[in-house]
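What follows is a set of notes on a single structure, which appears directly below.
The chains referred to below are lettered A, B, ... by the order of the sequence lines, with proteins before strands, and numbering in each begins at 1.
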Amino acid sequence: MGLRLYSTLSRRLEELAGDTVRMYVCGPTVYDLIHIGNARPFIVFDALRRYLESQGREVIYVQNITDIEDKIIRKAQEEGVPAGEIAARYTEEYFRDLERLGVNRPTHSPKATEYVPQMIELIEKLIEKGHAYVADGDVYFSVASFPEYGKLSGKVLEELEAGARIAVDERKRDPLDFALWKAAKPGEPKWPSPWGGGRPGWHTECVVMSMDILGVPLDIHAGGNDLIFPHHENEIAQAEALTGETFARIWLHNGMLTVRGEKMAKSTGNFAYAREVVAEYGTEAVRYFYLTRAYRKPLDFSDEALREAKRAVEGVYDFLWTAEGLPEEGEVPEGFSAGLSALQERFHARLSEDFDTAGAIGALQEMVGAAHRFRQGGGDPVGVRAAAALVRKLAEPLGLFQAERPRAEGRTEELIGLLIELRTELRKQKNFALADRIRDRLAELGVELRDTPEGTVWSLTRRAIARRPRGPGAPGPRFGRRQAPRSCSALPPSSSGPIGR
RNA sequence: GGCGGCGUAGCCAAGUGGCAAGGCGAGGGACUGCAAAUCCCUUAUUCCCCGGUUCGAAUCCGGGCGCCGCCUCCA
């Protein structure tokens, strides 16, 4: 099945063709833990990648690590440690957070510091071609030398220049020119270059690393929509001024995560660390939260929204785990099977049109509902199992609904079985008081009993699975304003699991 | 001011020309000893407003209103 994606560059849907997809997604600057808003592109584009792979395509997925940058240097100075130590620490934490978010590792995770010689080479070529110039140990890209500047963001040079917000730097020939190379100030990390010790500018690394690993043109270049200008515009300018060829065919940009309508950002303090949110609601609730909203639209973060996502995920698991306990013999009636096929088609149709994960998940939910009704109507259990298997298979690329039912450990299962046996006897004797007491006490212990026509079944309760190791009155994560980001060591140890713990 | 986008039920949200998906919540009913789960019914005659195009518009066009993002580091 084909796939059309909305490209920021052309402002329309573009067919993504080819058996191999070369994809580049802007990664983190490793100066602090990522917040939950940062996680949006990681989750969404990871899901896209996995969907493409499920279609049988090969995806080479590159995501950079910006490990040298002003914020890292500032943090290092604050802590009195080398910048490299800060970068190494948060790089490691970043990969841990990806795991917590259920995001697969990129095929390549190049670091900026590993590409300094190549960046210098690129800058030299741009100078040779007259697109860049040296000023006092800095090197700037000359925006005026690239007539197509502004084509991604839709900006017009003259209007940008009229803008009063652009800081005027005496060394620049034009206020819009941007730094390719920054001379080091005393005490700052530096690499040798033809223009003296310094470090590369931010916009250059993505160009060099993507071209080195993937070549040009990229099939997909993706990131948050706050990167459209100037970051991605500047990437295009450098890459295309250098090669004269299209840098990336399709530009994808996700919408921002907001809090009460305002963009979540470190600088405004209205953020929550990704790992805190995962610890509170679980990996899948977070993914479901993101994937049930079109990736290009803004999405408002709140406790309520995450709780809702969590309940929805639990509902699906309830279905899956129940269905998978049903007998396997029998045949799936054709009518029901056809209904499932229609929903499966809808699932793919939705995804193939600008990766509408929300619409696709709607189709999965309908499968769940249809299966419930089928069973209620006396349908063959095998049909219900078939529906469950299909939901699992289709949701796999989305990183949802893959968890197995949690099992009790050791002899616990047998002991629970014994209690159920006794309780069944009590119910026969109409001793409901004692029977209910067993049920209530087990519930307190996190074991939920359900009396069905086929007998009593039990499960570790969704609520118990979700139970947090904190007192009932303890505060949850704070999503309000926060003054200073907390250090990593102040955070609780990592936790993971299919739907929280 | 420029550029881009958004406005669909109590809340979240899909749908971009042909009877308004889905989720969460709420109310009523069935089932149950009671629960839980599930099922059934009810919760948008209508998609921010006003015009226009069309046999037909939430969907296209024009004009408003409101909100947001970018224009500075930013996923």
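- Base engagement by A:Arg423 is indicated by at least one non-hydrogen atom pair under 4.0 Å involving a base atom.
- Rounded to whole Å, atom P of B:U38 lies 12 Å from atom CZ of A:Arg375.
- Taking the side-chain hydrogen bond (donor to acceptor under 3.5 Å, both in side chains) definition, one finds that A:Lys297 meets it with nothing, sequence neighbours left out.
- Judged by distance alone, with hydrogens and angles left aside, A:Arg439 brings a side-chain donor or acceptor within reach of the base of B:A35, the pair sitting under 3.5 Å.
- Among pairs with a residue in residues 360-384 of chain A, those fulfilling ring pair (Phe, Tyr, Trp, His ring centres under 6.0 Å) read A:Phe319-A:His372, A:Phe336-A:Phe374, at least two apart in sequence or across chains.
- Annotation: B:C61 and B:A13 have their P atoms spaced 23 Å apart (nearest Å).
- Of the C1' atoms belonging to B:G23 and B:A14, the separation is 11 Å, rounded to the nearest Å.
- For A:Asp436 and B:G33, a side-chain-to-base donor-acceptor distance below 3.5 Å is present, hydrogens and geometry of angles not being considered.
- On a pure distance criterion of 3.5 Å, a polar donor-acceptor pair joins the side chain of A:Asp451 and the base of B:C34.
- Under a cutoff of 6.0 Å and an axis angle of 45°, A:Arg173 and A:Tyr140 do not form a cation-pi pair.
- A cation-pi contact links A:Lys71 to A:Tyr31, judged by a cut-off of 6.0 Å to the six-membered ring centre and 45° from its axis.
- Using a 4.0 Å heavy-atom criterion, one finds that A:Leu257 contacts the bases of the nucleic acid, with or without backbone contacts as well.
- Nucleotide B:C70 has B:G2 as its partner under the Watson-Crick or G-U criteria, with both atom distances under 3.5 Å.
- Rounding to whole angstrom units, CG of residue A:Asp46 and C1' of B:A75 are separated by 15 Å.
- Spacing between atom CG of A:Leu227 and atom C1' of B:C71 amounts to 14 Å, rounded to whole angstrom units.
- Across all strands shown, B:C31 remains unpaired; no Watson-Crick or G-U wobble contact has both distances below 3.5 Å.
- Computed from coordinates, the A:Leu434 CG to B:A35 P distance equals 19 Å when rounded to whole Å.
- Between B:C6 and B:G10, the distance separating the two P atoms is 23 Å to the nearest Å.
- Straight-line distance between the P atoms of B:G22 and B:G1: roughly 42 Å, to the nearest whole Å.
- A:Arg373 has a side-chain polar atom (N or O) that falls below the 4.0 Å cut-off from OP1 or OP2 of B:C40.
- Mapped onto RNA chain B by nearest heavy atom, A:Ala370 and A:Tyr6 fall at different nucleotides, with A:Tyr6 at the one closer to the 5' end.
- The aromatic rings of A:Tyr51 and A:Phe355 are tilted relative to each other, their planes meeting at an angle between 30° and 60°.
- For B:A21, there is no paired nucleotide, since no Watson-Crick or G-U wobble pair has both relevant distances below 3.5 Å.
- The C1' atoms of B:C73 and B:C60 are separated by 40 Å, rounded to the nearest whole Å.
- Using Watson-Crick or G-U wobble geometry with both donor-acceptor distances under 3.5 Å, B:A44 finds no partner in any strand shown.
- Summarising the geometry, the separation between CD on A:Glu314 and P on B:A36 is reported as 16 Å, rounded to the nearest angstrom.
- A:Arg293 has its CZ atom 7 Å from the C1' atom of B:A13, to the nearest Å.
- A gap of 11 Å separates the P atoms of B:C49 and B:A58, to the nearest Å.
- When the C1' atom is used for both B:G52 and B:U59, the distance is 15 Å, rounded to whole Å.
- Under the 30°/60° scheme for interplanar angles, the aromatic rings of A:Phe178 and A:His203 are found to stand perpendicular.
- Qualifying salt bridge (charged side-chain N to carboxylate O under 4.0 Å, His left out) partners for A:Arg74, counting only residues two or more places apart in sequence or in other chains: none.
- With sequence neighbours excluded, no residue forms a ring pair (Phe, Tyr, Trp, His ring centres under 6.0 Å) with A:Phe146.
- In terms of the salt bridge (charged side-chain N to carboxylate O under 4.0 Å, His left out) criterion, A:Asp67 has no residue partners (sequence neighbours excluded).
- Nearest nucleotide to the A:Phe229 side chain, out of B:U38, B:C71, B:A75: B:C71.
- The separation between A:Tyr24 atom OH and B:A75 atom P is 13 Å, rounded to whole Å.
- With sequence neighbours excluded, no residue forms a salt bridge (charged side-chain N to carboxylate O under 4.0 Å, His left out) with A:Asp177.
- The aromatic rings of A:Tyr273 and A:Phe271 lie perpendicular to each other, with more than 60° between the two planes, well past the 30° mark.
- Atoms CG (A:Leu449) and P (B:C34) sit 17 Å apart, rounded to a whole Å.
- In terms of position on RNA chain B, the residue among A:Met256 and A:Lys297 whose nearest nucleotide sits closer to the 5' end is A:Lys297.
- In this structure, A:Asn38 reaches the bases: a heavy-atom distance under 4.0 Å links it to at least one base atom across the strands shown.
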Is there any protein nitrogen or oxygen under 3.5 Å from a nitrogen or oxygen in nucleotides 66-68 of chain B, and what are the pairs?
unit_1	atom_1	unit_2	atom_2	d
B:C68	O3'	A:Gly261	O	3.4

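- Here A:Arg287 pairs with A:Asp46 under the salt bridge (charged side-chain N to carboxylate O under 4.0 Å, His left out) rule; sequence neighbours left out.
- The partner of B:G62 is B:C50, by the rule that a Watson-Crick or G-U pair needs both atom distances under 3.5 Å.
- A:Ser153 comes within 4.0 angstrom of the backbone, heavy atoms only, and of no base.
- Contact annotation for A:Asn254: base contact, defined as any heavy-atom pair under 4.0 Å involving a base atom.
- Nucleotide B:G56 has no partner under the Watson-Crick or G-U criteria, as no pair reaches both atom distances under 3.5 Å.
- Nucleotides B:G56 and B:A37 are separated by 44 Å at their C1' atoms, to the nearest Å.
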So if I define the base as every atom that isn't primed, P, OP1 or OP2, how would nucleotides 16-31 of chain B read as a B/S/- string at a heavy-atom cutoff under 4.0 Å? -----BSBSS------

